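Written out below as structure tokens is the structure these notes cover.
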Amino acid sequence: MGYQFTKAEAERMFEKWGSQYDVFAPKLMEGEGCFSDTDVVRYGKVTSLDEIVWDRKSDYSLKEVLLAINETLFYFTEDKTTVPEGPQKDILIFLRSCDLCAVQRLDEIYLKNGYEDFYYARVRKRVKFILMGCKTSCASGFCVSMGTNQARQYDAYVKVDNTQKVVYADIKDKVLKAFVEGGKEIEVTPDYVTENVEKVNLPKNLSNKSFENTIWQEYGDRCIGCGRCNFACPTCTCFTMQDIFYKENAKVGERRRVWASCQVDGYTDMAGGHSYRKTQGERLRFKVMHKIYDFEKRFGYPMCVGCGRCDDICPEYISFSNCVNRLTKEEAEHEK
Amino acid sequence: MGMDINTKKLKKNAFRVSKERGIGASRIRVPGGYLDAKILGMVQEIAETYGNGYVHLTTRQGFEIEGIHLEDMEQINQKLQPIIEMLEINQTDPNTGYPASGTRNISACIGNNVCPFANYNTAKLAKRIEKEVFPNDLHFKIACTGCSNDCAKVRMHDFGIIGMTLPQYDPGRCVNCQACVKGCKSLSVNALRVENYKIVRDEEKCIGCGVCITKCPTRALTRSKKKYYKLTIMGRSGKKNPRLGEDFLVWADEDNIVKIICNTYRFVEKYISPSAPARKEHVGYIIDRVGFEEYKKWALEGVELLPETIVKECVYWSGIHFD
């Protein structure tokens, strides 16, 4: 059901949502950017619509709300382990179409890929999604190419009008709808883009020969292995384990799982000191192939949602979208 | 008619007497080395109308228009007026050029307008200091640099201001990639280590350069809301005892640094040698003569430092002695 609210009516509804839910949305973290006097937009708890950054894409994705960067799996003492409590409140997440499509990928990995992940599931079950539309395309995104420009699996859609006076909403979820007071019932359809500046064509018939492609060496020479592309990506799901023995008493501690990056040293280290994918080129190849090829082979659709965050955040200006297009172009030339 | 010119006045008016009789140079100060590109056109016009068409980019980030005829100084001062106004230089009488030249242009590295390493807007601070200290005939050299790389060579100045930031660490965002640890080791002072997969910063060692923050891929390390500065004092080049400036304050704030600089002018007014030619005795030599303890008393007058500011109890300088 669609509504047109005054800003005040919408804020009142938001406040009521806030009493029931922890609301996470892209937020401006002033001065917390990489460089002096720069900001970063990332997910945080918000208490009003004004706190949400509507006019630009978040630098980091919603992923960290569903999948903590550091998650304690259990605490251990000499004879016991204790699993920490999950979230106490239900959760609302404001997100864009590309990110909502990314949630489908996260679910695929953590819920449908064999056993259900206990920690992910207990958060995920409490979450409802509020779609933020995209009136115009962001500069680096290629959601249209990836078919992620229009997500329909939202619980509600909220749009604050440019004048900041009117709020449009399409509220599908019954629980969220119960909080509606006032407003005018109208037809509301989410804004979505039908064209991006960046267009990506995925290669269709990659063979093992692509391993020898010189572009891996070329990008590998430029890559510094910082992992920003992975950490900003809404679909990267890898983690590593850390066992911490408290300094004051090493018989007590905790086991954590922590985000990991396939670009950072140590990712493929194994017992005995062996490590495959030693060069950045190999690591980059692995990442690109996973996003546009390997995942699809297994689950039937590509992993990448085309949000473009990896391009935006790379300090060495390595463009994932350009890399994919180059692969496709070379493939086409080989086939001639 | 012979050329009758008060060269002392000329020099204070930011002109220079050159090797060639009747020919001088006009010096334009550009605080922070930061200017509207339109000014370049104005400088060009003066150089082509009154000079020999050549301009020297001075070591202190000003312009020196060569080959001007000393009898044209008044007209040149008229032409300098829009430049002086655009750069917001303190002036006593319009159209009379620069009212002093002893306190030199406040120079700066490019700062955080552009540089990823810089911890503050150096041009802005240079302008602020310029506003506070100029015009003054006393010979002072002050420079601002964005980080401990000290590209502005501020340790060669009476006052050097080095940008610092106090790293803020959120262990909940840290993935133990160790980019900060490696960055600090290779580019800075190796002040970071890992304990139980988390970062520990050696506070004694850390110089607040901010390298770790620029390396962090997850925003686990961010800059402090407060901007901090290191104040180095009494560096100098010159014929007698060239030496690098030494740290006086570490983790200091901008307001107190400005206050200390202003206090130092009062100290020099009090202790400058009456026999100094053209009242040109360098502040560093005055401190050498009067003693650091006395200087410190004057410098810190009315200064309430932040609790985190480290003040060096005593400062010793080395350098080469030719005197």
Side-chain angles (χ1 to χ4, degrees), chain A residues 27 29-44 58-61 63-64 68-72 224-233 236 238-248 250 253-267 310 313-315, chain B residues 109-125 146-147 163-183 186 194-200 208-229:
Chain A
K27 215 174 152 180
M29 308 290 181
E30 243 175 278
E32 293 186 20
C34 203
F35 308 118
S36 168
D37 290 340
T38 61
D39 308 320
V40 67
V41 178
R42 60 173 178 81
Y43 274 75
S58 63
D59 300 306
Y60 292 84
S61 81
K63 177 174 71 177
E64 61 193 74
I69 300 174
N70 280 260
E71 174 135 42
T72 300
I224 57 168
C226 68
R228 279 172 173 83
C229 49
N230 297 125
F231 300 134
C233 177
C236 275
C238 287
F239 59 79
T240 187
M241 288 297 193
Q242 296 175 354
D243 282 346
I244 287 96
F245 304 90
Y246 297 150
K247 261 199 271 176
E248 289 74 12
E254 65 186 87
R255 171 167 290 182
R256 282 185 211 136
R257 73 177 182 198
V258 179
W259 284 8
S261 155
C262 53
Q263 307 303 299
V264 171
D265 285 347
Y267 181 82
C310 51
I313 206 166
C314 179
Chain B
C109 74
I110 195 160
N112 82 355
N113 278 328
V114 175
C115 180
F117 288 112
N119 288 316
Y120 69 103
N121 187 327
T122 51
K124 207 171 145 205
L125 181 57
C147 77
M164 300 176 82
T165 187
L166 186 60
Q168 306 292 302
Y169 182 54
D170 177 356
R173 296 193 69 79
C174 177
V175 296
N176 188 42
C177 70
Q178 302 190 23
C180 54
V181 178
K182 290 174 194 162
S186 64
V194 179
E195 264 177 33
N196 263 347
Y197 301 99
K198 297 295 175 199
I199 305 304
V200 180
C209 67
V211 160
C212 52
I213 296 158
T214 64
K215 296 292 172 203
C216 179
T218 61
R219 312 321 304 129
L221 279 161
T222 53
R223 288 185 157 69
S224 49
K225 294 267 178 273
K226 253 191 241 170
K227 289 196 164 68
Y228 291 99
Y229 305 87

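Below, chain A is the first sequence line, B the second, and so on; all start at residue 1. Note that the structure is predicted; figures quoted are calculated from it, not measured.
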Leading residue by heavy atom contact count with chain B [cutoff under 4.5 Å; candidates Val40(A), Asp243(A), Ile313(A)]:
Asp243(A)
Candidate pair Lys198(B) and Asn70(A), rule side chain to side chain contact (heavy atoms under 4.5 Å, CB included), full reasoning:
CA-CA 11 Å; Lys198(B) 297 295 175 199; Asn70(A) 280 260; 2.7 Å; yes
Bottom line for Glu71(A): the part with an atom under 4.5 Å from chain B's heavy atoms is neither
Please look at Tyr267(A) and chain B and tell me whether the side chain, the backbone, both or neither of the residue comes under 4.5 angstrom of a heavy atom of that chain.
neither
Rounded to the nearest 0.5 angstrom, the OG1-OH distance for Thr240(A) and Tyr197(B) is 7.5 Å
CZ (Phe231(A)) and CZ (Arg173(B)) are apart, to the nearest 0.5 Å, by 11.0 Å
Lys215(B) side chain to Cys226(A) backbone, donor-acceptor under 3.5 Å
no
Are any side-chain N or O atoms of Asn119(B) and backbone N or O atoms of Ser36(A), one a donor and one an acceptor, separated by less than 3.5 Å?
no
When the 4.5 angstrom heavy-atom criterion is applied to Glu195(B) and chain A, the contacting part is side chain
Roughly how far, to the nearest 0.5 Å, is the CZ atom of Arg42(A) from the CZ atom of Arg219(B)?
9.0 Å
Ranked by heavy-atom pairs below 4.5 Å to chain A, first place among Gly210(B), Cys177(B), Gly111(B), Gly172(B) goes to Gly172(B)
Count the heavy-atom pairs under 4.5 Å between each of Phe239(A), Phe35(A), Trp259(A) and chain B, then report the option with the highest count.
Phe35(A)
Is Phe117(B) close to chain A through its backbone or its side chain, or both, or neither, when contacts mean heavy atoms under 4.5 Å?
neither
Does Glu32(A) reach the side chain of Asp170(B), with side-chain heavy atoms less than 4.5 Å apart?
no
If I take atom CG from residue Asn113(B) and atom CG from residue Asp37(A), how far apart are they, to the nearest 0.5 angstrom?
9.0 Å
Side chain / backbone / both / neither for Cys115(B) at chain A, heavy atoms under 4.5 Å
neither
OH/Tyr246(A) to CG/Asn196(B) distance, rounded to the nearest 0.5 angstrom?
9.0 Å
Going by an N to O cut-off under 4.0 Å, is there a salt bridge joining Lys182(B) and Asp265(A)?
yes
Residue Ala179(B) versus chain A: region with a heavy atom under 4.5 Å
neither
